[in-house]
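Since we're looking at a predicted model, the values are computed, not measured. For ligands, and for the atoms within them, numbers begin at 1 and follow the listed sequence. When reading the values below, keep in mind they use all heavy atoms of this one structure, side chains included, and skip hydrogens, waters and symmetry mates.
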Amino acid sequence: MKLLQIDSSARTSSVTRRLTSRFAEEWRKNHPDGEVVRRDLSATALPLITDDWSATQLEDSKLTPAQRSYLSTSDALIEELAAADTVVIGAPMYNFSIPSSLKAWIDHVVRIGKTVGYGPNGPQGLLTRKKVVVITSRGGAYEKGTAREAFDFQEPYLRHILGFIGLTDVTFIHVENQAREEAAAFLQTLLNVSAESWLIKTSK
Ligand SMILES: Cc1cc2nc3c(=O)[nH]c(=O)nc-3n(C[C@H](O)[C@H](O)[C@H](O)COP(=O)(O)O)c2cc1C
């Protein structure tokens, strides 16, 4: 069994990093023979998509060595994702959406022919049978049913793009109101209970 732990916060002492680490720690306990693979998107910046991305439309056998080399980052990230049984993603809210480092990762793993197939019924996600847990942290609060829900461009986007590549079993854990004083106490409460219980109801 493999857990892929993806972090995208720019801060080392970040809320999402603490929670993804806590999740991984518990996953390790439950899967003593399992492997945790870490992908820190802030520590190692991914290259942005360039004009060379058009090489993704060519058959593998037709790629030049330069095109092959350009696509090697995407290949490696897709392989890493495909090998995971569970994926935990730490996603702070930046400007109502996700950090650009996480968007760069998405740009590399959403790839026609590798993670998305096109058939008679249109696009079909090719990554299946994985559990994804997304832990977000926000300065404010965007709870469903409130006026601010409309400003949450994080969960709807991530749900859509993960579903596009076949990842439909996705649970969101929102840790909100981080700009408020009481946020530290709530974070501590989360760290004190089992990560499994977060999956029930943690939005605050
Ligand atoms: C560049 C930047 C943009 C942010 N934009 C928002 C925002 O639009 N809405 C919000 O509620 N919080 C916003 N925040 C606050 C973060 O979401 C909050 O501090 C969160 O805890 C960061 O996650 P982390 O602790 O894992 O780094 C922003 C923070 C930064 C650094």
Tell me, which protein residue and heavy-atom name are nearest [atom], and how many Å apart are they?
{"atom": "atom 15 (C) of ligand 1", "result": "Gly139 N, 3.7 Å"}
{"atom": "atom 26 (O) of ligand 1", "result": "Thr16 OG1, 2.5 Å"}
{"atom": "atom 23 (O) of ligand 1", "result": "Pro92 CB, 3.1 Å"}
{"atom": "atom 25 (O) of ligand 1", "result": "Arg11 NH2, 2.6 Å"}
{"atom": "atom 9 (N) of ligand 1", "result": "Tyr142 OH, 2.9 Å"}
{"atom": "atom 16 (C) of ligand 1", "result": "Met93 O, 3.5 Å"}
{"atom": "atom 8 (O) of ligand 1", "result": "Phe96 N, 2.8 Å"}

Do any nitrogen or oxygen atoms of [X] lie less than 3.5 angstrom from nitrogen or oxygen atoms of ligand 1?
{"X": "Ala10", "value": "no"}
{"X": "Gln178", "value": "no"}
{"X": "Arg17", "value": "no"}
{"X": "Tyr94", "value": "no"}

Protein non-hydrogen atom below 4.0 angstrom of atom 12 (N) of ligand 1 present: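 Flag for atom 12 (N) of ligand 1 set to true, protein heavy atom closer than 4.0 Å.
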Where Phe172 and Arg159 come nearest, the two heavy atoms and their spacing: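 Scanning both residues, the minimum pair turns out to be CD1-NH2, 3.4 Å.
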Ring geometry between Phe96 and Tyr142 (parallel below 30°, tilted from 30 to 60°, perpendicular above 60°):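 Perpendicular: the ring planes of Tyr142 and Phe96 meet at over 60°.
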